[in-house]
Amino acid sequence: MDDVTAILDHLNAAQREAVSAPQGNMLVLAGAGSGKTRVLVQRIAWLIQAEGLSPYAVLAVTFTNKAAREMRTRLEALVGTSLRHVWVGTFHSIAHRLLRTHWQDARLPQHFQIIDSDDQLRLIKRLIRENDIDDERFPPRQVQSFISGCKEEGLRPHQVNVHGDAYLGQMVELFDRYQLTCERGGLVDFGELLLRSLELLRDNPALLAHYQQRFAHVLVDEFQDTNTLQYAWLKLLTGMTTPMTVVGDDDQSIYGWRGARVENIRRFEREFPQTKTVRLEQNYRSTSAILEAANALISHNAERMGKTLWTAGERGEPISVYSGFNDLDEARFIVDTLRERVEEGVNRREIAILYRSNAQSRVIEETLIRQGVPYRIYGGHRFYERLEIKNALAYLRLLLNRDDDASLERVINVPARGIGTRTVELLRQRAREGSVSLWQALHDGLVDGALKGRAGTALQAFADLIDTLDNDGAGLALHEIIDHVIARTGLLEHHRNERGEKGQARVENLEELVTAARAFTQGDAFDAPEAGEGATALEAFLSEAALNAGEHEADEFEDSVQLMTLHSAKGLEFPVVFIAGVEEGLFPHRMSAEEPGRLEEERRLCYVGLTRAMRKLYLTHAEIRRLHGKETFQRASRFLREIPEEYLEEVRLRGQVSRPVTASRPTGLRQSGVNGGDDLPSLSLGQRVSHPVFGEGVILNAEGEGPRARVQVSFAGEGDKWLVLGFAKLTPL
DNA sequence: CTTGCGGCCTTTTTT
DNA sequence: AGGCCGCAAG
């Protein structure tokens, strides 16, 4: 406390400037590996210790729970426990906290529940079916993204401008009904958390004034990932007068596809008064070979704010490029190589294998398993998103709130108890007619005798089950309630009877849920100071599960190789990194390769991948890959060509000479070429060809060998065509 | 009501 | 290939 300048020790000039800048709006453009988190943490310490702000007056917002946790941990390590009152959290957890505290002003039931996107989708599917809407024209996923999109733009159904468009009108109608269903069930989706809390503040000037006064400084991490709603939320909360420190990197914006607006960085600079911009350009993570390669790659993007990373570190080894014969060979190379590195003394946890899409992990996993290499995989289904867990949670929600239609529908016949779609449909219809919840409709139907016979008996049994469970729960600890529920509902038995490992894993997961609940009540996660009156442990647990779905990662302490998508690697670093599947169509993904904007996002994703590596980077691709059950010829990614040769080194199999990668002919193209035979032209994927009838085109795909081989060619104006090499007169251009 | 078969589609993911 | 969905048979 005495010597606040100690906070500035070991910082470079730019970092020091960012940490100790006088209070005012500041934009920190922080390149990969430039000490971003460090600056953020030190900045908070500075604000409190040098500027004299109360910890209560500081709000720090992140995107992920992981980032929030890391920031808090580092803050506490730096300054001690006096900082535990700093508000650090994700946008969603902070919004949740506001809504829990001010549920009445937010016009929410006290025990509202948060639904995740999976629940949301189910609910939408139900609505579409219920209203006899053509799900071909209105695919549930599209409706879901429409609704989320509206909320992210801060729009309520009546605010959407339909322009007399019938299609849009129907969408809005569905949005409206969806919202009504949520209101009736006391359900709040992720977008709603933010929108509702924004409206709460906007419509309650006294409340807004309170929070504007309370927070003296607001800090935001990963600003390039904010969406329109989050931007508006910050604008409202700060009133553009509370000073803000925002940290971001436009080159690492990889979430445009889910609403993130990179422009928010520029907008902030423009709209918030007297914004000071600081660039952190010195990289402390990677060798210069890796960093220069990344710089060269990203320079191919046009839309940039301009920033060039440099490092004082050594050049290091060149980036190794391996061209596998097929995906199995690629995996074999990765695993062999990493085993060599491990033998040299590298810890397995220091090695990461990154890929564009989850489907790629399978082959690599199989190879790792075969060779007995322990690995840990991030992503895929998180614990609280698994089917069996969601079923158990749905029962628990029903205990708290019988009117939660989504949960009721989820488990009314799980495990199967003779309540089929017909019966559920009848229930839905009655609920709709009476404008009541499904539970209410069920009850009324049993009372007035409309639901009888076999279905009636089954429904009665279900209703009794829920009520009994509720009664039994009185006086029990949280984990005992859950234990009781999974046993009494038959969920445990249901999965035990499932054959194979899958059922076994599900049973274990259910048991793990009980353990998690025990830990939850005993741990400090359950201190929820502002969780509101009468908040039960169960309620808090359910919120935690919805908001914090990914916490469960097994074997955290075993030294294992890390597997994850490029997206989930953001923010992490590893001494040794493999990026697999660096191929056209996969990376950049074909869904994104067409549009320039989306291609640039793919390139940023590649940039993120490259800059994860500290010492050694491997880029691998396969010439033939099994994709969706079919063998496809792949050609090397354009991103490989965008990295100057001088940083690359092609890996050849043992005994072969290694030669530099040439820019004109990317690795492996020769091998991946379709050789039509001696008298046929030698063609390669991606090559431009000319056809006497169709004109000029590009080879997209190929299958078979010899004269009967077929190639798929994309002709300008003629579209894609499959041609047999022996007949089609194709001339290479 | 349950089960099994065939057709369809296939990024990325946090909250 | 594999998961999901809808449909038809048991």
Answer with base, sugar-phosphate or nothing: what part of the nucleic acid does [X] contact at a heavy-atom distance below 4.0 Å?
| X | value |
| --- | --- |
| L566(A) | nothing |
| K125(A) | sugar-phosphate |
| A416(A) | sugar-phosphate |

Within the 3.5 Å criterion, strictly below it, is a donor on [X] or [Y] matched to an acceptor on the partner's side chain?
| X | Y | answer |
| --- | --- | --- |
| Q224(A) | E222(A) | yes |
| E539(A) | H111(A) | yes |
| R126(A) | T181(A) | no |
| Y178(A) | D189(A) | yes |

Could you walk me through whether Q252(A) and Y607(A) pass the side-chain hydrogen bond (donor to acceptor under 3.5 Å, both in side chains) test, one step at a time?
CA-CA 7 Å; Q252(A) 292 189 70; Y607(A) 175 77; 6.0 Å; no

Using chain A heavy atoms and a threshold of under 4.0 Å, write down where along DNA chain C the contacts begin and end, 5' to 3'.
dA1(C) to dG6(C)

Listed by chain and number, what are the ring-ring contact (aromatic ring centres under 6.0 Å, His included) partners of [X], not counting sequence neighbours?
| X | value |
| --- | --- |
| H567(A) | Y255(A), W257(A) |
| F462(A) | none |
| F268(A) | F223(A), F272(A) |

Would one find a side-chain N or O of [X] under 4.0 angstrom from OP1 or OP2 of [N]?
| X | N | answer |
| --- | --- | --- |
| N227(A) | dT14(B) | no |
| N413(A) | dC1(B) | no |
| T423(A) | dC1(B) | yes |

Within residues 457-466 of chain A, the residues having a heavy atom closer than 4.0 Å to DNA chain B are none

Rounded to the nearest 0.5 Å, how far apart are [atom1] of [X] and [atom2] of [Y]?
| X | Y | atom1 | atom2 | result |
| --- | --- | --- | --- | --- |
| L408(A) | L442(A) | CG | CG | 7.0 Å |
| L121(A) | S145(A) | CG | OG | 10.5 Å |
| K570(A) | D225(A) | NZ | CG | 3.5 Å |

So for S568(A) and dT12(B), does any side-chain atom that can act as donor or acceptor lie under 3.5 Å from a complementary atom in the base?
no

Whole Å only: how far is the [atom1] atom of [X] from the [atom2] atom of [N]?
| X | N | atom1 | atom2 | answer |
| --- | --- | --- | --- | --- |
| L354(A) | dT13(B) | CG | C1' | 15 Å |
| E544(A) | dT15(B) | CD | P | 11 Å |
| D221(A) | dT15(B) | CG | P | 13 Å |
| L229(A) | dT15(B) | CG | P | 17 Å |
| H96(A) | dT14(B) | NE2 | C1' | 16 Å |
| I115(A) | dT15(B) | CD1 | C1' | 12 Å |
| L572(A) | dT13(B) | CG | P | 13 Å |
| I412(A) | dC1(B) | CD1 | P | 11 Å |

Protein and nucleotides 7-11 of chain B: nitrogen or oxygen contacts under 3.5 angstrom:
residue: dT11(B); atom: O4'; partner: H589(A); partner atom: NE2; Å: 3.0
residue: dT11(B); atom: O2; partner: R356(A); partner atom: NH1; Å: 3.2
residue: dT11(B); atom: O2; partner: R356(A); partner atom: NH2; Å: 2.7
residue: dT11(B); atom: O4; partner: R598(A); partner atom: NH2; Å: 2.5

Toward the 5' end of DNA chain B, by each residue's nearest nucleotide, T90(A) or L605(A):
L605(A)

Tell me whether the rings of F190(A) and H92(A) are parallel (<30°), tilted (30 to 60°) or perpendicular (>60°).
perpendicular

